[in-house]
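The block underneath contains the structure these notes are about, expressed in structure tokens.
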Amino acid sequence: MTVPHPLASSEEPVGYDPTAVEAKWRARWAERGTNTTDLNGPRPFYQLMMFPYPSAEGLHIGNLYAFTGNDIHGRFQRQQGHTVLEPLGYDAFGIHSENFALKMGVHPMELIPRNVANFRRQLDRAGLMVDWRRAVDTTDPAYYKWTQWVFLKLYERGLAYKKQAAVNWCPSCKTVLANEQVEGGACERCKTTVEQRALEQWFFRITEYAERLLRNLDWIDWSDSTRMAQRNWLGRSEGAELRFRVLDPLTDAGSAGVMVSQEITSGSTVIPVFTTRPDTIFGATYLVLAPEHPAVEQVTTSEQRAAVEAYRETARKQDIVSRQVNKDKTGVFTGAYAVNPASGEMIPVWTADYVLMGYGTGAIMAVPGHDERDFEFAEKFNLPIPRVVAGPDDNAHTPLAAAYTDDADGRLVNSDQFDGLAVADAKRQVTDWLTQRGAAKPVTSFRLRDWCVSRQRYWGPPIPIIYCDACGTVPVPEKDLPVVLPNVPDYKPDNSGVGPLARHEAFYHAPCPTCGKRARRETDVSDTFLDSAWYFLRYPSVPRDDVPFDAETTKRWLPVSAYIGGNEHAVLHLLYARFINMVMFDAGLVPAEEPFVKFRAHGMIIRDGSKMSKSRGNVVNPDSIMDQWGADTLRTYLMFIGPFEEGGDFRDQSISGVRRFLDRLWASVRDAQADGTPDTDVMRKLHQTIKKVGGDIAALSYNTAIAAMMEYMNALRRGERVPHVAEAAPLVSLVAPFAPHIAEELWEMLGNAGSVFDAGWPTVDEALAREDALELVVQVNGKTRGKVKVPRDVTQDTALAAVQGDVNLAKFLTGPPKKVIYVPGRLLNIVV
RNA sequence: GCCGGGGUGGCGAAACUGGCUAGACGCGAGGGACUUAAAAUCCCUUGGGGGUAACCCCAUCCGGGUUCAAUUCCCGGCCCCGGCACCA
């Protein structure tokens, strides 16, 4: 028995029912293979979106916002005749998943597949043009086999190395973190204050690529904000490394207070320092070594040893936060003196924690007169503060109330033969002079550090290394990959500094690949960001299992044509991915140095003025919105909220306007008449709209594209107007990227076979789109007073005559025109 | 502190390289038509002030400036968001 549709039984025509329409087209797309990409198709276009971490909470509206924005762009490119690859996958390894699994008491190997299934269900509803045959899951051995391969590739190229270093240790996550994962001294995940620990860790030599990573930022087509964030992160400074000889307490004994030879003698301890202001060398009145600096031990005199040791011990215990800004300067004198290579003066050597071991050489020359930090330190410890740079209003003797740091207007003073030079010239000349004397070399320093990739956790790809007593560090041969992560019930992290796998003999016992003797596997896993640093290379080659990415396919599909994602990954994922891609490029495995030719950062969706969060209870659940309004309405509404690259404020009430628009679209197509002739004005508006919507989508200006379609809809159905088919039909193609399900249904309703996405983009009739009569804006004394209708290519005189002949405008002309400004096609400004 | 991006109606927001009477489009609000009524739909109004009216004045964070013309350019200031930050 069939239940009559409530509307079907009445006289009323059938209205728009998103639930039915969307279910129908989900099935139809699957049946027809509409979303599967033929990788050999013409004009490849690789549309990439950032793959999600499949959380237990399910799809976040922010995910959907990003995916929809990508999907619209991808669908539009398909309508432009490209073969579009729009893949998606799951970034399912990592601490986040693991912590959640621990909390729930469910093993990640059980939990993750569940989450993935739920994500897949939600994503299916969203109407994305994703080719699911190419999905990747980073936790699948078939995927992480190649993540391990990437590690080995770097190892092979000398870019992966193990060292003992002071690393960021999160006591809550019980693992080390990369610098990129520490925010203001706290773990970016759990906000716990990070400690310093000396551990042996695997690092990637990303610093070797710093210069290239920076240089390419000049030309890649990326959002400015993202490029700037990377520039700041890389932190390039140009300057010089200056060498300071420390006086030997034995041979130079008794010379304190006496000017010593300006010659730099070899054989003694030499402290290199990095400075961006070599011009201020004459004002360097003391040296400072970081407490961890190895030379501290060498130079400290016996009298000062106890004090220095105590200070270093305190510094060692300190966490990173308490060494941050605004802290009072502390430090101790080592008892040693060094020679200023420019002035020949003896200057004391201090150790202080305001100097960081990780940057430059871990030592500085202090110029209190021209550096704020040195000034503060010198004041506190009563060290001399000479002036060596004078501003336009100062002379050599003007006292310094604060450090004078301006390097644009200053000139050198109290600097012997360099007096009078501008800072910029002095930087160069002083460096040259000191270089000739063997006391300097020009260097460039980066803020970027090497990428620490070891994690003392369970839920990641095991690092494919074996340690053999006889052969040393041996990489796992490619044929033995993957090193499978074992399913063990005991996977809790501990404080030992090694990963949980170190507790599982069955895992770590392995024969040495070289000599076959009993050896031990590395038990740390790699950083999740390694999984996502190469996933875009994998998609086109899924499901090949003999190579990570097929050479021919990769050449055809890489680099990525358009990548749209969140800016929170500006210095994490996006930097790592560029680095890994660059390494692969150097290895001849990928066709381009830069993986993402075009990247756009989208904005963030907030709700009712504030960030969505569980604690605020203002999280939007995509499922319930889709239940109530339909996926097409949600998609279109998300894009209508505000500029895609800026984000917007989700307001439940406002969504009704978008639904109304789709209802009206439905009714327009349903009721459209094929008889008669279309209205010329409406047709003109149509062609103007086709043009505008196309331009706006290409520029990701989705909100104005939707506004333009709504505006056209208002013209189409002005009053109780019944549109002509020729007026209504093309609108279906324009709406399609935003609301794909309803578009397909209406496309079919119009009598078309096949998918609207394979039918191309409507052609703009430029002649029709152009207005033949022009409304020229008329200003009098710069104030707009009205418009006159004139022919398109009117001359200034004719236009002026038209104004004078118009009663409403002529009255503003209180005198003869003194001056007339005519902007053809735009306006006429008459000055009287 | 340095570097990016912003500040426009009750709200989300438009306005291409300075130029179509700033505020498109949508939400909300008010009024009307249809209806026994409601919903839905359709129409009108909606930055502020003044005027019976045609109209006039003010208004794009604040203060100056350039220009025939400024939301748009320049100088100075305030505020918000994001990145970096004892990085020498």
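Quick note on labels: first sequence line is chain A, next is B, and so on, each numbered from 1.
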Now, which nucleotide makes the Watson-Crick or G-U wobble pair with [N], with each of the two distances under 3.5 Å?
N: B:G23; result: none
N: B:C34; result: none
N: B:C84; result: B:G1
N: B:A53; result: none
N: B:A29; result: B:U45
N: B:A13; result: none
N: B:U71; result: none

Without decimals, in angstroms, what is the distance between [X] [atom1] and [N] [atom2]?
X: A:Tyr822; N: B:C20; atom1: OH; atom2: C1'; result: 13 Å
X: A:Lys818; N: B:A69; atom1: NZ; atom2: C1'; result: 16 Å
X: A:Lys427; N: B:A88; atom1: NZ; atom2: C1'; result: 12 Å
X: A:Leu575; N: B:G83; atom1: CG; atom2: P; result: 16 Å
X: A:His370; N: B:G1; atom1: NE2; atom2: P; result: 22 Å
X: A:Phe375; N: B:A88; atom1: CZ; atom2: C1'; result: 17 Å
X: A:Asp407; N: B:C2; atom1: CG; atom2: P; result: 13 Å
X: A:Gln688; N: B:A24; atom1: CD; atom2: C1'; result: 14 Å

From C-beta outward on [X], which listed nucleotide comes closest to its side chain: [options]?
X: A:Leu356; options: B:G19, B:C84, B:C86; result: B:C86
X: A:Arg651; options: B:G12, B:C84, B:A14; result: B:G12
X: A:Arg826; options: B:C3, B:C20, B:G19; result: B:G19
X: A:Lys787; options: B:G19, B:U21, B:G28; result: B:U21
X: A:Ile641; options: B:A13, B:A88, B:G12; result: B:G12
X: A:Lys783; options: B:C25, B:G83, B:C58; result: B:C58
X: A:Thr275; options: B:G28, B:A88, B:G4; result: B:A88
X: A:Met710; options: B:C84, B:A88, B:C25; result: B:C25
X: A:Phe640; options: B:G28, B:A15, B:G12; result: B:G12

Applying a 4.0 Å non-hydrogen cut-off, can you work out what [X] is touching in the nucleic acid: base, sugar-phosphate, or nothing?
X: A:Ala707; result: base
X: A:Ser237; result: sugar-phosphate
X: A:Gln779; result: base
X: A:Ile364; result: base
X: A:Thr784; result: base
X: A:Arg447; result: base
X: A:Lys329; result: base

Practice prompt. May I ask you to decide if the ring planes of A:Phe644 and A:Tyr65 are parallel, tilted or perpendicular, using 30° and 60° as cut-offs?
Written response: tilted
Worksheet item: Which residue lies toward the 5' end of RNA chain B, A:Thr330 or A:Ala229, if each is placed at its nearest nucleotide?
Response: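 The 5'-side residue here is A:Ala229.
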Item to complete: Name the residue closer to the 5' end of RNA chain B, choosing between A:Ile655 and A:Asp224 according to the nucleotide with the nearest heavy atom.
Response: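 Between the two, 5'-proximity favours A:Asp224.
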Discussion item. For A:Phe661 and A:Phe640, I'd like to know if the aromatic rings sit close, meaning centre-to-centre distance below 6.0 Å.
Written reply: no
Discussion item. Tell me if the aromatic rings of A:Phe377 and A:Trp350 count as close, with their centers under 6.0 Å from one another.
Written reply: yes
Could you go through nucleotides 41-45 of chain B and list every protein N or O atom that sits under 3.5 Å from one of its N or O atoms, giving the distance for each pair?
residue: B:C42; atom: OP1; partner: A:Arg664; partner atom: NH1; Å: 2.8
residue: B:C42; atom: O4'; partner: A:Glu720; partner atom: OE2; Å: 3.3
residue: B:C43; atom: OP1; partner: A:Gly719; partner atom: N; Å: 3.2

Distance between the [atom1] atoms of [N] and [M], in whole angstroms?
N: B:C43; M: B:G26; atom1: P; result: 10 Å
N: B:G9; M: B:C78; atom1: C1'; result: 22 Å
N: B:C81; M: B:G47; atom1: C1'; result: 26 Å
N: B:C61; M: B:C34; atom1: P; result: 45 Å
N: B:G18; M: B:A13; atom1: P; result: 25 Å
N: B:A38; M: B:U21; atom1: C1'; result: 42 Å
N: B:C62; M: B:G10; atom1: P; result: 14 Å
N: B:G32; M: B:G82; atom1: P; result: 47 Å

Worksheet item: Counting just side-chain N and O atoms, does A:Asn567 come under 4.0 Å of either OP1 or OP2 of B:G83?
Response: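 No.
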Worksheet item: Within less than 4.0 Å of OP1 or OP2 of B:C68, is there a side-chain N or O belonging to A:Lys819?
Response: yes
Practice prompt. Output yes when A:Arg243 and A:Glu241 qualify as a salt bridge under the 4.0 Å nitrogen-oxygen rule, no when they do not.
Written response: no
Discussion item. What I want to find out is whether A:Asp681 reaches A:Lys685 closely enough, with some N-O distance under 4.0 Å, to be called a salt bridge.
Written reply: no
Practice prompt. Report yes if a donor N or O on one partner sits less than 3.5 Å from an acceptor N or O on the other, where the partners are the side chain of A:Arg785 and the base of B:C55; otherwise report no.
Written response: no
Drop me the distance from [X]'s [atom1] to [Y]'s [atom2], to the nearest 0.5 angstrom.
X: A:Ile281; Y: A:Asn340; atom1: CD1; atom2: CG; result: 4.5 Å
X: A:Leu356; Y: A:His293; atom1: CG; atom2: NE2; result: 12.5 Å
X: A:Asp406; Y: A:His370; atom1: CG; atom2: NE2; result: 11.0 Å

Might you confirm whether atom [atom1] of [X] has over 12 heavy atoms from other residues, nucleotides or ligands at distances under 6.0 Å?
X: A:Lys691; atom1: NZ; result: no
X: A:Lys380; atom1: NZ; result: yes
X: A:Glu372; atom1: CD; result: no

Worksheet entry | Glycosidic class, syn or anti, of B:G9 using a 90° window around 0 | syn
Discussion item. Is it the case that the side chain of A:Arg826 and the backbone of A:Leu776 share a donor-acceptor pair, with hydrogens and angles ignored and the cut-off at 3.5 Å?
Written reply: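 Pair absent, no side-chain N/O of A:Arg826 close to backbone of A:Leu776.
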